[in-house]
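Chain identifiers are assigned alphabetically (A, B, ...) following the order of the sequence lines, protein sequences preceding nucleic acid strands; residue numbering begins at 1 within each chain. Note that this is a predicted model, so its numbers are computed, not measured.
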Amino acid sequence: MANPSPAPAPQALPKAAFFSFASCEGCQLQVLSIEDQLLTLLGAVEIVNFREAIDDRRDDYDIAFIEGSLVRPEDIEEIQQIRKRARILIAIGACACLGGVNAIRNKRTPAQLAREVYDGRQDGVFKTLSDASPVRSVVQVDYELRGCPIDRDELLETLRSLLAGTVPYVPPFAVCVQCTMRGTPCMLERGLPCVGSVARAGCEAICPAFGAPCEACRGVHDSPNFEALGEAFFRHGLPRYVAAEKLQLFNNYKEIREPWEKALPSPSIT
Amino acid sequence: MVQNRMIPEPCRIYEAMQQTPREVHFVVEAPKREPFRPEPGQFVMISIPGIGEAPISLAALPGEGAAEGTFEMLIRRAGRLTNLITRLKPGDTMYVRGPFGRRVTWEKFEGSNLILIAGGLGLAPLRPFVQRSLLHRELFRRIDILVGARAPEEILFKEDLASWSARRDDVRVLVSVDAARSTWSGRIGVITTLFDEIDADVEDAYAFICGPPVMYRHCLRKLLGMGLYENHLWMTLERRMKCGIGLCGNCQMNGLYVCQEGPLFSYREVRHLKEAV
Amino acid sequence: MGKGTSISVHHVTRVEGHGNIVVDLRDGTLQRCELQIVESPRFFEALLKDRPHDEAPRITCRICGICSVGHATASIQAVEAALGIVPGPKTRTLRRLNMCGEWLQSHVLHAYFLVAPDLFQAPSVIPLASSHPEIVKRALRLKALANEICYAIGGRHVMPISYLPGTMGHWPPPATLETLRARLLAARPDVEATVELFATIEWPAFEQEIEALAALEEDGSYPMMGGPIHSSRGPVFAPGAYREASAEHLVEHSAAKHTRGANGPVRVGALARYQLAHERLGPAAKKAAAALKLSPASRNPFHTTPAQVVESVQAWDEAITLCERLLADPAPEERAPVTRPRGGVGVGLAEVPRGTLIHDYEVGSDGRIVRANCVIPTGQNLAAIEADMRAFVPGLVGKPREQITRLMEMLVRAYDPCISCAVHLLDVSFVGDERHDTAGGAGAPTPDGP
Amino acid sequence: MTERDVYRLPRERLGALVARLERDYRVLGPAPRGDTYAWEELRPGDPVSLDYPTTMLPLRALLAPQREVLFTFRRGDDGEVAFDPPADERPLALLGVHGCDLTGLRVLRAFHDSGTRDRLVTNRLDRAFIVGLACWVPCLGEAFCRDMGSLDNEIPADLYAWDIGDVLLVKVLTNRGRDVLTEVTPMEAATAEEVVTLRRRLRVRLEAFPQHLKFAPERLPIALEAAEGDLLWDANADRCLSCGRCNLVCPTCTCFDVTDASPLDGRTGVRVRTWTGCQVTGFSRVAGGHDFRPGRAQQLRYRIFRKGKYMPERYGMVGCTGCGRCPHHCPTRISIREIFRQVGGTA
Ligand SMILES: Cc1cc2nc3c(=O)[nH]c(=O)nc-3n(C[C@H](O)[C@H](O)[C@H](O)COP(=O)(O)OP(=O)(O)OC[C@H]3O[C@@H](n4cnc5c(N)ncnc54)[C@H](O)[C@@H]3O)c2cc1C
Ligand code: SF4
Ligand code: SF4
Ligand code: SF4
């Protein structure tokens with residue numbers, strides 16, 4: 001290593017740790033992709049646990065960033081430990097905040113899954129929880145950074161707010177707001193099943209801008225109207241149940257599913 | 001380019017007194033770019049560049065409740081900006097624009113009784129009204145100050161309340177809390193219960209109300225029932241505000257801009273508005 | 001080192017995903033030497049079932065953040081193969097440009113952030129930031145450049161959005177391509193300095209012949225977008241016959257499926273590609289290979305890193321060419337038609353940074369996915385990694401425990417294993433027959449190529 | 001219309017007009033974007049669209065953009081902050097503005113003239129060179145520009161053009177307009193024949209634009225007032241998604257949010273305003289969570305009232321241009337035109 005620095009002991013920086021449960025680690029990758037400001041960040045916080053990039057592992061952290069859904073019995077214990085140690089716990093990404101794509105499977109039992117994937121040959125061997133769950137279903141979460149993956153700029157804004165000592169801003173409104181401002185022609189008008197009108201903004205509506213319908217990877221906004229979503233689909237020649245099918249992709253964890261499930265006809269995929 | 005009216009001015013903080021765990025009382029240098037001569041009921045936009053801006057009422061005006069060249073505010077920790085502002089210390093700088101809001105001339109109030117009603121944080125914007133009326137005590141008849149708080153420990157400006165109460169013959173100060181432990185010897189009950197103790201002639205009074213949204217409807221009903229004229233009933237209304245100068249639209253209340261036509265309104269002016277109270 | 005040593009590295013750091021190394025040495029002989037993959041199962045193949053086919057690239061790119069462009073590429077090609085869609089040349093160019101971005105990003109990340117700390121004896125890139133700021137800043141600049149490519153084409157640097165069957169959902173405007181090209185050109189000094197830096201490094205000496213596999217494109221370009229699978233032992237497999245090249249099977253200590261070639265473990269990734277396709281590299285990359293003294297005859301897994309550096313140069317160089325090609329004719333392309341509306345089976349391959357990635361779908365006549373299978377490069381490499389560990393460890397007997405641990409970790413890391421990808425379907429506690437091959441799945445081997 | 005003010009601009013001279021404007025202005029015109037049109041910069045030689053449907057975003061996107069920097073700031077080592085207003089921009093020339101968008105600009109002007117001027121916007125409005133363009137058919141099925149008096153509105157254009165085939169007939173409305181036109185044409189007056197053609201086409205055009213409202217827009221404030229307690233607000237609002245599209249596509253919406261942005265080190269930054277609107281969730285919510293306009297019915301009523309009552313009362317101009325954007329872009333087709341019709345019925 002480099003020579004020990006003769007500089008006076010630096011004042012204690014807040015210590016941050018990153019933990020990853022069932023996920024693709026794309027969110028942690030977004031953390032690494034704040035290239036131009038990574039060095040500033042390293043000057044402002046001490047990263048004590050970031051398995052993706054560093055060897056050190058320590059348990060004395062102030063801020064814990066949690067990526068991924070909880071899917072195994074031991075995940076529950078681990079997250080409870082982390083919660084005990086961390087002053088601030090932040091769930092990052094759809095997996096940690098909503099269950100995300102992991103929760104698509106939630107309506108099927110582990111045994112069913114095993115059967116489907118292994119032609120029944122490996123029935124019952126999975127030691128997984130019956131539901132892939134968001135972090136807040138187990139411990140209290142202080143802040144949630146939404147998105148699949150999280151947005152680089154939003155991550156920076158959140159870090160900046162926390163370092164400054166205040167709360168981050170979470171947009172309360174629909175993806176359509178940012179989509180329309182961008183001037184993207186509406187996906188529904190093109191016959192694509194977009195749920196942007198009930199989805200929470202913050203992503204700058206990149207999906208419609210890049211040709212794909214919004215799939216609500218940030219969950220729903222503060223006043224979603226699911227009946228009207230079905231109506232919007234219907235008026236654009238899409239069956240209402242397709243709206244539910246779309247919401248299944250990221251919002252299928254039971255508590256999150258409940259409101260839309262009540263308002264929309266059941267999806268054909270179960 | 002013409003001076004952009006969204007650009008704030010740095011103002012030094014002279015004093016920062018923690019009033020309750022959530023609220024800090026600031027004495028701040030007044031902006032100098034333009035003459036700073038606010039009226040009671042007006043507000044300023046304060047900010048920290050990089051964090052945000054928020055409307056805050058003046059809690060004392062320069063040369064009246066506050067020393068010349070200074071003004072006061074009481075700020076509650078409520079979100080992004082106020083979390084940080086309430087941690088600032090004397091010597092720090094905050095950034096200020098204003099004053100904004102309607103300037104209500106006081107001639108019409110002269111010679112009348114005054115009833116000043118504040119709930120919770122509402123005492124901050126109401127304070128300049130009290131200070132102005134006490135400063136020109138001779139211009140008014142009876143002055144009643146009614147203050148409500150949720151609990152004894154949430155009562156704001158306790159020293160002021162004490163010194164106003166001390167002017168026994170001049171003014172009457174009534175304080176009530178919604179709930180309290182047994183150590184509280186004062187009144188308990190919502191603020192409207194104090195109204196029965198007003199002994200001024202309500203028909204010849206002006207009332208000023210400031211408090212949380214839920215308070216208004218009850219106060220209005222009771223005061224009007226007691227015979228107060230609709231155009232003698234004044235209140236400050238809060239709305240979300242992002243510019244203070246009638247542009248951002250967030251504060252609109254039916255066809256009115258609260259930052260321009262308010263936040264101080266007479267009941268007569270807003271009575272017919274569905275969105276007012 | 002004493003007589004009985006067992007090393008257990010819990011959660012190898014600086015790899016994607018969770019993996020443990022277990023080495024059990026007794027009396028100088030190796031009892032057990034395993035790379036345990038303990039990542040949680042995520043059931044991706046099951047998640048795809050019944051979903052509309054156009055969602056596949058967006059669902060599967062969530063298998064792994066770092067390979068997300070590769071997953072989207074393989075996935076869209078599998079969908080297109082199933083529906084008989086042949087995307088036009090500009091669509092392919094855009095997708096290849098995006099792959100260049102991912103290669104550059106992934107290789108730079110691996111070489112600078114994950115491997116370099118070992119070489120500078122630092123526990124991570126963080127202390128390097130103060131001891132060697134220029135190096136770290138250069139890596140960040142290159143990574144930012146790679147991300148910019150992916151932003152321009154896919155909408156974000158991971159999990160590309162724009163992959164639609166038969167077309168792309170977004171056509172970067174000429175101004176964007178122009179900026180991209182200018183930034184790529186301006187990065188030449190950084191690219192050259194990267195080659196210089198890694199040319200100074202002495203890699204641990206260790207050679208082991210293992211069958212190398214790579215999907216080589218039929219147009220003779222450097223392998224990236226998939227094609228028939230070539231083996232260093234000679235045979236060539238059509239994409240639909242991928243199981244013959246690399247068959248999946250389960251092992252009890254790993255949540256990830258291993259794969260096995262006809263003759264045992266196989267190696268995929270930068271070194272394998274270099275071995276099989278080095279003559280397809282452009283002049284800039286060939287020059288870099290010479291500077292790095294990387295021989296096509298190398299069978300040293302530690303040489304994966306210099307091979308990645310060579311491929312970074314290739315990706316950078318190609319990205320410039322592809323930008324220019326698009327700039328010459330930037331108008332969007334017509335969407336390619338579906339010629340098999342009733343669906344069918346399709347296999348899509350891509351050479352992702354870590355090796356050959358295979359997606360195999362069956363799409364039903366309602367446009368929904370009936371069955372899916374994904375074979376991930378790290379899964380293919382796992383057997384090779386263990387074979388290497390078994391060959392490597394005996395040579396280390398007698399060295400201090402810390403050093404062994406470090407070297408073992410370096411060896412695993414050299415493969416740049418991406419464990420989040422590799423993990424599908426199995427839980428650690430599984431106790432099963434190691435010989436048991438589940439790769440057969442529901443569908444028969446498929447005749448269709450991408 | 002006096003024929004004296006109307007001059008001939010042969011189609012092929014449009015390029016010359018763009019080239020002339022390019023000298024002093026950033027020239028913009030509608031250009032195809034995917035299946036629709038959007039305002040984009042025109043370079044000399046680019047085709048000028050004379051036949052385009054209403055753009056999704058209104059022209060205010062150029063005059064009071066979606067995201068606009070109010071000022072930048074720098075924090076010195078002493079902690080003191082210095083502020084810089086945004087730099088001056090090249091003035092805009094807008095080519096081919098339809099009547100509804102001209103009306104939109106007129107309302108924007110009225111809004112700013114009423115009181116506190118927003119210099120950033122009024123400067124752009126003052127300096128913009130505007131070429132209006134007559135419509136021959138409604139761009140959107142939901143349009144009702146004729147009812148709202150936008151179809152024939154020429155203000156605030158500098159030049160106003162009717163496309164009658166090979167030649168555009170151009171009316172000069174300002175001196176600035178005359179100066180520019182003089183430089184690109186020999187200022188030939190429209191021929192008698194051309195004027196006849198134009199008049200005929202204008203007559204025929206009325207058939208293409210049927211009337212939708214049975215009353216004049218001036219009656220809107222009264223009609224709305226009478227309908228304030230009507231159930232129609234709830235009935236329509238049931239379908240509202242609070243998606244805000246109606247606000248964002250409207251040429252006369254002006255509301256914005258203000259936020260700060262800064263890199264991690266916080267030494268520099270910007271304060272920006274971003275479009276928002278009364279149908280956007282959170283618009284009327286204050287600290288502590290209280291919403292002063294909760295409920296979709298109230299929000300919808302507010303939007304319609306602002307267009308049809310508050311704006312005419314406050315700024316002297318009805319706030320709806322009849323462009324038809326909000327019903328067209330509403331995912332559930334909540335229609336201001338239908339609501340106006342319904343309240344007209346009760347008035
Ligand atoms: C005329 C007026 C006078 C006021 N006087 C005082 C005072 O004297 N003392 C005091 O402590 N508070 C006062 N307030 C309230 C104060 O403005 C808010 O508490 C403050 O804006 C919160 O800002 P923040 O950035 O800390 O919180 P944020 O995190 O921005 O706000 C949290 C919540 O407040 C909402 N909000 C955002 N901006 C505003 C805004 N400008 N006004 C209201 N809500 C907003 C957000 O939508 C969010 O729901 C006054 C408000 C008005 C309109
Ligand atoms: S529905 Fe989708 S495409 Fe349409 S405006 Fe909303 S987010 Fe955009
Ligand atoms: S566009 Fe329609 S659904 Fe969306 S907020 Fe406006 S009225 Fe409601
Ligand atoms: S209210 Fe609707 S129809 Fe009227 S101007 Fe606005 S967008 Fe156009």
Side-chain angles (χ1 to χ4, degrees), chain B residues 1-10 12 45 47-55 76-83 91-95 100 121 212-214 237-261 272-277, chain D residues 70-75 79-81 83-88 111-112 114-121 123 228-229 253-263 266-271 273 276-278 282-288 290-293 298 301-302 305-306 309-311 313-314:
Chain B
M1 166 128 199
V2 184
Q3 182 63 58
N4 178 329
R5 275 168 313 127
M6 295 299 278
I7 296 184
E9 244 180 280
R12 198 151 302 282
M45 297 294 292
S47 65
I48 299 178
I51 300 296
E53 203 177 36
R76 169 178 292 178
R77 188 155 49 76
R80 246 177 101 68
L81 175 75
T82 47
N83 277 352
D92 290 344
T93 304
M94 63 168 85
Y95 293 80
F100 298 123
L121 197 55
V214 289
L237 297 181
E238 193 191 333
R239 286 294 182 279
R240 185 180 160 94
M241 288 176 191
K242 287 295 183 180
C243 72
I245 53 178
L247 291 173
C248 78
N250 289 260
C251 71
Q252 291 169 95
M253 186 175 77
N254 290 84
L256 300 181
Y257 279 73
V258 173
C259 70
Q260 303 274 285
E261 283 92 22
H272 59 289
L273 302 182
K274 273 206 155 57
E275 299 187 343
V277 281
Chain D
L70 295 167
F71 56 75
T72 55
F73 66 84
R74 288 163 287 128
R75 188 171 271 119
E80 288 298 313
V81 178
F83 298 94
D84 294 307
D88 273 346
F111 170 76
H112 288 295
S114 72
T116 342
R117 278 159 186 270
D118 181 342
R119 288 267 156 205
L120 292 170
V121 178
N123 274 351
E228 193 168 7
C253 275
T254 50
C255 296
F256 57 83
D257 198 359
V258 178
T259 48
D260 290 9
S262 159
R267 295 181 72 87
T268 55
V270 285
R271 181 158 294 165
R273 62 166 161 208
T276 182
C278 52
F283 181 73
S284 42
R285 204 194 289 165
V286 297
H290 184 79
D291 198 327
F292 281 97
R293 198 180 296 121
Q298 289 187 46
R301 187 180 62 202
Y302 175 80
F305 268 60
R306 173 154 164 89
K309 183 173 189 300
Y310 307 147
M311 290 187 86
E313 285 172 356
R314 204 177 167 96

Item to complete: Taking the side chain as every heavy atom from C-beta outward, state whether B/Cys251 and D/Phe292 have any pair of such atoms under 4.5 Å apart.
Response: no
Worksheet item: Considering only heavy atoms, which portion of B/Asp92 lies under 4.5 Å from any heavy atom of chain D: side chain, backbone, both, or neither?
Response: neither
Item to complete: Not counting sequence neighbours, which residues clear side chain to side chain donor-acceptor pair (under 3.5 Å) with D/Arg75? List them please.
Response: none
Worksheet entry | chain D interface, residue from B/Thr93, B/Leu256, B/Thr82, B/Ile51 that has the most non-hydrogen pairs under 4.5 Å | B/Ile51
Discussion item. Using side-chain heavy atoms (C-beta onward) and a distance below 4.5 Å, is D/Arg273 in contact with B/Cys248?
Written reply: no
Discussion item. So if I apply the side-chain contact (heavy atoms from CB on, under 4.5 Å) rule between D/Arg293 and each of B/Glu275, B/Arg240, B/Arg239, which one comes out positive?
Written reply: B/Glu275
Worksheet item: So, the side chain of B/Asn250 versus the backbone of D/Phe256: is there a donor-acceptor pair under 3.5 Å, distance only?
Response: yes
Discussion item. If I measure from the heavy atoms of chain D, does B/Arg77 come under 4.5 Å with its side chain, its backbone, both, or neither?
Written reply: neither
Worksheet item: How would you list all residue pairs meeting salt bridge (charged side-chain N to carboxylate O under 4.0 Å, His left out) that involve residues 242-261 of chain B, not counting sequence neighbours?
Response: B/Lys242-D/Asp257, B/Glu261-D/Arg314
Worksheet item: Got B/Lys274 and D/Arg301 here, is their nearest side-chain heavy-atom distance under 4.5 Å?
Response: yes
Discussion item. For D/Phe305, which atoms come within 4.5 Å of any heavy atom of chain B: side chain, backbone, both, or neither?
Written reply: neither
Practice prompt. Please determine, among B/Ala54, B/Gly246, B/Gly255, the option with the most heavy-atom pairs under 4.5 Å with chain D.
Written response: B/Gly255
Practice prompt. State, yes or no, whether a side-chain contact exists between D/Arg271 and B/Glu53 at a heavy-atom distance under 4.5 Å.
Written response: yes
Worksheet item: Heavy-atom distance under 4.5 Å to chain D: side chain of B/Pro8, backbone, both or neither?
Response: both
Fill in: Verdict with reasoning, B/Met6 to D/Val258, per side-chain contact (heavy atoms from CB on, under 4.5 Å)
CA-CA 10 Å; B/Met6 295 299 278; D/Val258 178; 4.3 Å; yes
Worksheet entry | Contact check, side chains of B/Arg80 and D/Asp260, non-hydrogen atoms, under 4.5 Å | no
Worksheet item: Which region of B/Ile245, side chain (C-beta onward) or backbone (N, CA, C, O), has a non-hydrogen atom less than 4.5 Å from a non-hydrogen atom of chain D, or is it both or neither?
Response: both
Practice prompt. Return the orientation label for the B/Tyr257 and D/Phe111 ring planes: parallel under 30°, perpendicular over 60°, tilted otherwise.
Written response: tilted
Item to complete: Give the minimum heavy-atom separation between D/Ser262 and B/Gly50, together with the two atoms involved.
Response: CB-CA, 4.5 Å
Discussion item. Can you tell me which of D/Arg306, D/Glu313, D/His112, D/Met311 forms the most heavy-atom pairs within a distance under 4.5 Å of chain B?
Written reply: D/Arg306
Discussion item. Under 3.5 Å, is there a donor on one side chain and an acceptor on the other for D/Tyr302 and B/Gln252?
Written reply: yes
Discussion item. Less than 4.5 Å to any heavy atom of chain D: does that hold for the side chain of B/Pro213, its backbone, both, or neither?
Written reply: side chain
Practice prompt. Go through B/Pro10, B/Ser47, B/Gly52, B/Pro212 and name the one with the most non-hydrogen pairs under 4.5 angstrom from chain D.
Written response: B/Gly52
Worksheet item: Checking B/Arg5 side chain against D/Arg117 main chain: does a donor-acceptor pair fall under 3.5 Å?
Response: yes
Worksheet item: So, do B/Ile7 and D/Pro85 sit near enough that their side-chain heavy atoms are less than 4.5 Å apart?
Response: yes
